[in-house]
Asker: 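Let me begin by handing over the structure; questions about it come next.
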Amino acid sequence: MNTISTICAASMLLMATAARADYAAPRTAAGEPDLQGVWTNATITPVERMNFFPQLVLTKPQADMLEQRTREFAERGSAPTDPDAPPPEAGDDVGGYNSFWIDAGTTVALVNGEYRSSLITSPADGKLPYTPAAQAKRVQLLMSIRDGLDGPEQRPLGERCLVGFGSTSGPPMLPVLYNNNYQIVQAPGSVMILAEMNHDARIVRIGGEHPPTDVRTWMGDSIGHWEGDTLVVETTNFHPAQSMRACIRYQIYMSANATVTERFTRVAHDQILYQFTVDDAEAFSEPWSGEIPMRASEGPIYEYACHEGNYSLPGILAGARREARTTDEGAE
């Protein structure tokens with residue numbers, strides 16, 4: 001880890017320590033801080049800073065305005081469909097999710113009593129610090145997603161039900177459009193983090209070493225250790241096919257050689273402060289960091305059966321075939 005990453009990690013530790021000054025985390029049978037339970041990181045705060053809010057910390061009126069806009073958007077999306085409307089014709093836009101299916105959160109992220117305009121806390125502008133080469137690679141990969149219709153192998157991992165959309169299973173674990181729920185289970189020598197979508201289970205080994213760099217796995221290889229009440233997790237050896245983390249809310253490119261350092265600190269009975277730093281010299285001009293509150297969620301996580309009755313992938317490919325035939329016939 002370079003000097004900038006070390007400074008970021010130290011700053012995070014100081015903030016986490018202050019946040020839990022008046023709270024004693026419960027302990028497991030092994031005496032470790034108990035992070036177990038079902039948690040959600042759903043929030044309307046975006047990953048990157050919004051241009052009209054250049055500062056990290058929002059005022060209460062600003063946060064209220066954003067939350068009110070979210071409520072109004074949900075109300076419009078909940079309006080019933082007109083039963084007398086004519087059915088769509090071939091080629092028409094048949095619409096997408098209404099509000100019933102979306103669970104992106106309803107509140108601005110609240111960290112240490114501060115309303116946040118972005119999940120990114122560093123760099124100071126709240127933007128991803130891509131190198132020019134990485135930005136070009138990011139655009140190239142996004143174009144390949146748009147145009148990759150020759151076979152299922154060209155479609156994004158989420159569409160193929162291999163891992164969740166975007167970076168929901170991480171690391172870093174970032175919220176998406178829905179299913180922003182996680183279950184943490186601790187056992188001697190390991191911590192399991194289950195992401196609801198796509199039912200991704202990440203095993204964090206306490207202690208040990210990473211495997212050789214030619215061993216690449218979905219969600220990388222995670223090793224953890226305890227620093228006081230904080231679980232610190234370092235992840236490397238990412239699968240190269242997971243470099244483009246695209247979803248509706250964000251599209252992030254990270255190289256397979258990135259190192260992600262996460263910190264999990266239980267700061268209240270119903271909240272974990274989740275902090276992370278991405279160190280990736282191949283993609284970014286400097287490390288970038290973020291903070292997300294993970295709040296206790298009611299009830300268990302139900303299985304996210306991605307492939308069960310899922311006709312979207314064959315529909316996407318079949319639509320591309322039909323479009324190609326129509327284009328060829330029109331050219332004759």
Side-chain angles (χ1 to χ4, degrees), residues 41-53 73 96-97 101-105 109 116-123 125-149 152-180 195-198 200 218-220 235 238-260 262 274 276-292 306 312-313 316 320:
N41 64 359
T43 177
I44 64 174
T45 298
V47 175
E48 291 192 90
R49 191 82 40 83
M50 296 170 281
N51 291 332
F52 48 87
F53 286 132
F73 177 82
Y97 294 127
W101 302 101
I102 298 175
D103 187 21
R116 296 293 177 81
S117 62
S118 66
L119 300 180
I120 292 178
T121 55
S122 176
D125 64 358
K127 303 291 187 181
L128 290 166
Y130 286 114
T131 64
Q135 183 67 283
K137 181 67 174 179
R138 173 180 174 273
V139 172
Q140 176 189 355
L141 290 172
L142 287 173
M143 295 292 288
S144 68
I145 291 174
R146 187 196 70 177
D147 300 331
L149 297 165
E153 296 82 7
Q154 292 181 312
R155 302 309 304 155
L157 301 180
E159 286 184 11
R160 298 165 62 191
C161 301
L162 295 176
V163 296
F165 289 93
S167 194
T168 178
S169 48
M173 303 187 307
L174 303 176
V176 288
L177 196 63
Y178 50 75
N179 297 342
N180 295 300
E196 179 178 0
M197 189 166 66
N198 277 333
D200 298 331
W218 301 124
M219 300 172 285
T235 304
F238 289 100
H239 195 294
Q242 202 176 359
S243 292
M244 191 67 235
R245 315 219 179 161
C247 66
I248 292 175
R249 299 186 69 182
Y250 53 81
Q251 300 83 39
I252 298 175
Y253 169 74
M254 289 170 46
S255 81
N257 295 317
T259 297
V260 180
E262 303 164 283
Y274 174 68
F276 64 87
T277 296
V278 177
D279 196 341
D280 184 2
E282 294 183 32
F284 304 104
S285 59
E286 62 181 283
W288 56 281
S289 303
E291 297 180 327
I292 310 173
C306 182
S312 61
L313 190 58
I316 289 169

Asker: Working to the nearest 0.5 angstrom, can you tell me the gap between D200 CG and M173 CE?
Answerer: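 One finds 11.5 Å between CG of D200 and CE of M173.
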
Asker: Looking at CH2 of W288 and OG1 of T121, how far apart are the two atoms once the value is rounded to the nearest 0.5 Å?
Answerer: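 Reported value, rounded in 0.5 Å steps: 10.0 Å.
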
Asker: Between L141 and Y253, is the side chain to side chain contact (heavy atoms under 4.5 Å, CB included) condition met? List the steps.
Answerer: CA-CA 9 Å; L141 290 172; Y253 169 74; 3.5 Å; yes

Asker: N179: what forms a side-chain hydrogen bond (donor to acceptor under 3.5 Å, both in side chains) with it, not counting sequence neighbours?
Answerer: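 Once residues adjacent in sequence are excluded, N179 has no partner under the side-chain hydrogen bond (donor to acceptor under 3.5 Å, both in side chains) criterion.
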
Asker: Could you tell me which residues satisfy ring pair (Phe, Tyr, Trp, His ring centres under 6.0 Å) with Y130, sequence neighbours excluded, listed by chain and number?
Answerer: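 So Y130 forms a ring pair (Phe, Tyr, Trp, His ring centres under 6.0 Å) with F284.
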
Asker: Enumerate the salt bridge (charged side-chain N to carboxylate O under 4.0 Å, His left out) contacts for residues 135-149, please, sequence neighbours excluded, ordered by first and then second residue.
Answerer: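 Found none.
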
Asker: Distance from E286 atom CD to L128 atom CG, nearest 0.5 Å?
Answerer: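 Answer rounded to 0.5 Å: 11.0 Å.
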
Asker: Checking F238 now: which residues fulfil ring pair (Phe, Tyr, Trp, His ring centres under 6.0 Å) with it, not counting sequence neighbours?
Answerer: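 In terms of ring pair (Phe, Tyr, Trp, His ring centres under 6.0 Å), with neighbours along the sequence ignored, F238 is linked to no residue.
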
Asker: Report, as yes or no, whether the 6.0 Å neighbourhood of atom CD1 on I248 holds more than 12 heavy atoms from other residues, nucleotides or ligands.
Answerer: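 For I248, atom CD1 is not crowded (no more than 12 foreign heavy atoms under 6.0 Å).
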
Asker: How would you list, by chain and number, every residue that makes a disulfide bond (SG atoms under 2.5 Å apart) with C247, sequence neighbours excluded?
Answerer: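 Residues passing disulfide bond (SG atoms under 2.5 Å apart) with C247: none at all.
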
Asker: Which atom names give the shortest non-hydrogen contact between V176 and G166, and what distance separates them?
Answerer: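 Smallest interatomic distance, heavy atoms only, reads CG1-CA, 4.4 Å.
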
Asker: Just jot down the side-chain contact (heavy atoms from CB on, under 4.5 Å) partners of P132, sequence neighbours excluded, or say none.
Answerer: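 Checked P132 against side-chain contact (heavy atoms from CB on, under 4.5 Å); zero matches.
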
Asker: Atom SG in C161, atom CG in N198: separation rounded to 0.5 Å?
Answerer: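 Here the interatomic distance stands at 5.5 Å.
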
Asker: Can you list everything that forms a side-chain hydrogen bond (donor to acceptor under 3.5 Å, both in side chains) with T131? Sequence neighbours excluded, please.
Answerer: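 Partners of T131 under the side-chain hydrogen bond (donor to acceptor under 3.5 Å, both in side chains) test: none.
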
Asker: Counting only N and O atoms by type, is there a donor-acceptor contact under 3.5 Å from the side chain of N180 to the main-chain atoms of D103?
Answerer: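 Present.
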
Asker: Which heavy-atom pair separates T45 from A109 by the least distance, and what is that distance?
Answerer: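 Reported closest heavy-atom pair: OG1-N, 2.8 Å.
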
Asker: Report the distance from atom OG of S122 to atom CD1 of I120, rounding to the nearest 0.5 Å.
Answerer: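 Interatomic distance, S122 OG to I120 CD1, rounded to 0.5 Å: 9.0 Å.
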
Asker: Please report the interatomic distance OG1(T168) to CG(L174), rounded to the nearest 0.5 Å.
Answerer: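 Reported to 0.5 Å precision, the distance equals 8.5 Å.
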
Asker: Can you pull out every side-chain hydrogen bond (donor to acceptor under 3.5 Å, both in side chains) where at least one residue sits in residues 242-251? Sequence neighbours excluded, please.
Answerer: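 Matches after skipping sequence neighbours: S167-R245.
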
Asker: Of all heavy-atom pairs between P156 and I145, which one has the smallest distance, and what is that distance?
Answerer: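 Result for this residue pair: CG-CG2, 3.6 Å.
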
Asker: Keeping the roles fixed (side chain from Q154, backbone from L149), state whether a donor-acceptor pair exists under 3.5 Å.
Answerer: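 Side chain of Q154 to backbone of L149, a donor-acceptor pair under 3.5 Å: yes, one is there.
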
Asker: L119 and side chain to side chain contact (heavy atoms under 4.5 Å, CB included): which partner among P172, S289, P175?
Answerer: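 Going through P172, S289, P175 one by one, the side chain to side chain contact (heavy atoms under 4.5 Å, CB included) with L119 is satisfied by P175 alone.
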
Asker: For T235 and M219, what are the C-alpha separation, side-chain angles and deciding distance, and is it a side chain to side chain contact (heavy atoms under 4.5 Å, CB included)?
Answerer: CA-CA 8 Å; T235 304; M219 300 172 285; over 6 Å; no

Asker: For R49, which residues count as a side-chain hydrogen bond (donor to acceptor under 3.5 Å, both in side chains) partner, sequence neighbours excluded?
Answerer: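 Once residues adjacent in sequence are excluded, the partners of R49 under the side-chain hydrogen bond (donor to acceptor under 3.5 Å, both in side chains) criterion are S117, S118.
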
Asker: R155: which residues meet the salt bridge (Lys or Arg N to Asp or Glu O under 4.0 Å) condition with it, sequence neighbours left out?
Answerer: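 R155 satisfies salt bridge (Lys or Arg N to Asp or Glu O under 4.0 Å) with E159 once adjacent residues are dropped.
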
Asker: Which pair of heavy atoms, one from G164 and one from S169, lies closest together, and at what distance?
Answerer: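 That closest heavy-atom pairing would be N-OG, 4.1 Å.
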
Asker: Just jot down the side-chain hydrogen bond (donor to acceptor under 3.5 Å, both in side chains) partners of E282, sequence neighbours excluded, or say none.
Answerer: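 For E282 the side-chain hydrogen bond (donor to acceptor under 3.5 Å, both in side chains) partners, ignoring immediate neighbours, are N257.
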
Asker: With sequence neighbours left out, write down each residue that passes side-chain contact (heavy atoms from CB on, under 4.5 Å) with D125, or none if nothing qualifies.
Answerer: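 P123, K127.
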
